[in-house]
Asker: 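Okay, handing you the structure first.
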Amino acid sequence: MHHALEITLTRPLTPAEHHQAARTTPLAANHDATHLMTLVPAKSPHRALRRLRRRLDPLLPIDVISTHYPDAENHILLNITLPPAALDTIRRAATAHGQSPPVFVEQTLSQAMARQTRHEADYLDLALHALLARTSAPQLLAALGRALTTAGGPSC
C-alpha cells in the first residue's frame, strides 16, 4: 500500500537539494519549493511517515511531514521533530495528567482545535448579527451569493 505524504519545509529548496533528495524518493514540489508531495510504500501511515523522515531528514530542511488524506477517523497524521526541551515539557505534562505523551498531545491539540472552532463560530455569529442590524436578510443573502460566485471572491 502506498501513502500520499506532504512535506512542509522550513525554507525553499535549492535545485541541488531537490535533485539530491529526488534521487532517493520521487518528489513533486509546489511553485516556491516550500512544500513537497510523495508516495511512500508502507503497511501503515505511521510507518510511511517514519520511513520518509528517516530517509529525507539528512537531506532536506523538514518542518512537518503529514498524511495528505485523512485516515478512517478523519484525522491527518503529523510527524514533527521537537527539540529535547519541548519533549521533556510534554512528558512532564503527560505524566501530570496520567497520560502517555502521544495521548496527551492528541487530546491537547483536539481541545485547542475545538476551542478555535468555537471562537470562530462566535466571531461569525457576532459579525452576522452586526450585518443584520444594518441590512435585511434578503440583501445579506444576495450579497453573500455575489461574493461566492464572483471571480476573486472568498473561497469555500
Side-chain angles (χ1 to χ4, degrees), residues 1-131 144 147-148 151-156:
M1 179 176 256
H2 285 75
H3 302 276
L5 301 182
E6 186 170 346
I7 304 164
T8 303
L9 303 168
T10 59
R11 61 171 172 75
L13 282 185
T14 66
E17 288 172 323
H18 187 222
H19 178 72
Q20 183 180 10
R23 291 176 66 195
T24 64
T25 303
L27 298 168
N30 70 334
H31 70 284
D32 64 358
T34 57
H35 289 81
L36 305 171
M37 290 289 299
T38 190
L39 291 174
V40 177
K43 291 181 180 180
S44 72
H46 291 282
R47 286 184 180 185
L49 289 166
R50 283 193 303 271
R51 180 174 293 157
L52 187 63
R53 173 71 71 172
R54 278 194 316 272
R55 190 178 299 159
L56 294 182
D57 228 14
L59 304 174
L60 300 175
I62 297 173
D63 189 17
V64 177
I65 303 174
S66 63
T67 52
H68 186 67
Y69 299 106
D71 64 8
E73 288 87 36
N74 204 30
H75 294 152
I76 297 293
L77 304 178
L78 301 175
N79 180 289
I80 303 169
T81 301
L82 297 172
L87 292 173
D88 288 341
T89 300
I90 290 170
R91 281 189 204 102
R92 284 194 302 276
T95 300
H97 286 85
Q99 299 172 328
S100 69
V103 169
F104 174 77
V105 168
E106 181 180 349
Q107 287 184 355
T108 302
L109 287 174
S110 293
Q111 291 167 359
M113 291 176 71
R115 258 191 323 274
Q116 179 64 26
T117 299
R118 283 192 308 274
H119 289 298
E120 287 176 4
D122 291 345
Y123 171 79
L124 288 173
D125 286 346
L126 288 172
L128 182 59
H129 287 293
L131 286 170
L144 178 60
L148 293 175
S155 60
C156 294

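Residue numbers start at 1 and run along the sequence shown. All values below were derived from every heavy atom in this structure, side-chain atoms included, with hydrogens, water molecules and symmetry-related copies excluded. Keep in mind it's a predicted model, so treat the numbers as computed, not measured.
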Asker: Would you mind reporting whether Leu52 and Ile62 have side-chain heavy atoms less than 4.5 Å apart?
Answerer: no

Asker: If you look at every heavy atom in Ala22 and Leu27, which pair is closest and at what distance?
Answerer: N-CD1, 4.0 Å

Asker: Can you tell if the side chain of Ile65 reaches within under 4.5 Å of the side chain of Leu78, non-hydrogen atoms only?
Answerer: no

Asker: Please name the pair of heavy atoms, one in Ala42 and one in Ala48, separated by the smallest distance, quoted to 0.1 Å.
Answerer: CB-N, 3.5 Å

Asker: After noting the C-alpha distance and the side-chain angles of Ile7 and Leu9, does the key distance pass the side-chain contact (heavy atoms from CB on, under 4.5 Å) rule?
Answerer: CA-CA 6 Å; Ile7 304 164; Leu9 303 168; 3.7 Å; yes

Asker: Go through the steps for Arg11 and Glu17 under the test side-chain contact (heavy atoms from CB on, under 4.5 Å), then give the verdict.
Answerer: CA-CA 12 Å; Arg11 61 171 172 75; Glu17 288 172 323; 2.5 Å; yes

Asker: Working to the nearest 0.5 Å, report the span between CZ of Arg55 and OG1 of Thr24.
Answerer: 6.5 Å

Asker: Locate the shortest heavy-atom distance separating Ile76 from Tyr69; write the atom from each residue and the value.
Answerer: CD1-C, 3.7 Å

Asker: Go through it in stages, so that I can follow the logic: the residues are His35 and Met37, the test is side-chain contact (heavy atoms from CB on, under 4.5 Å), and I'd like the CA-CA distance, side-chain angles, deciding distance and then a yes or no.
Answerer: CA-CA 7 Å; His35 289 81; Met37 290 289 299; over 6 Å; no

Asker: With a 4.5 Å cut-off on side-chain heavy atoms, are Leu13 and Leu36 touching?
Answerer: yes

Asker: Which heavy atom of His3 sits nearest to which heavy atom of Ser44, and what is that distance?
Answerer: NE2-C, 3.5 Å

Asker: Got a second to check how far Arg51's CZ is from Leu5's CG, nearest 0.5 Å?
Answerer: 10.5 Å

Asker: Please step through side-chain contact (heavy atoms from CB on, under 4.5 Å) for the pair Gln107 and His97, ending with a clear verdict.
Answerer: CA-CA 11 Å; Gln107 287 184 355; His97 286 85; over 6 Å; no

Asker: Minimum heavy-atom separation for Thr67 and Pro45, please, with both atom names.
Answerer: CG2-CB, 3.9 Å

Asker: Measuring from atom CZ of Arg47 to atom CE of Met1, what distance do you get when rounded to the nearest 0.5 angstrom?
Answerer: 13.0 Å

Asker: Just by distance, do the side chain of Thr89 and the backbone of Ala85 share a donor-acceptor pair under 3.5 Å?
Answerer: yes

Asker: What distance do Arg23 atom CZ and His18 atom NE2 have between them, rounded to the nearest 0.5 Å?
Answerer: 13.5 Å

Asker: Side chains of Gln116 and Glu120: is there a donor and an acceptor less than 3.5 Å apart?
Answerer: yes

Asker: Taking all atoms of both residues into account, what is the closest heavy-atom pair of His2 and Leu39, and its distance?
Answerer: CD2-CB, 4.3 Å

Asker: What is the distance from atom OG1 of Thr108 to atom CE of Met113, rounded to the nearest 0.5 Å?
Answerer: 13.0 Å

Asker: Can you check whether Asn79's main-chain N or O pairs, donor with acceptor, with Arg53's side chain at less than 3.5 Å?
Answerer: yes

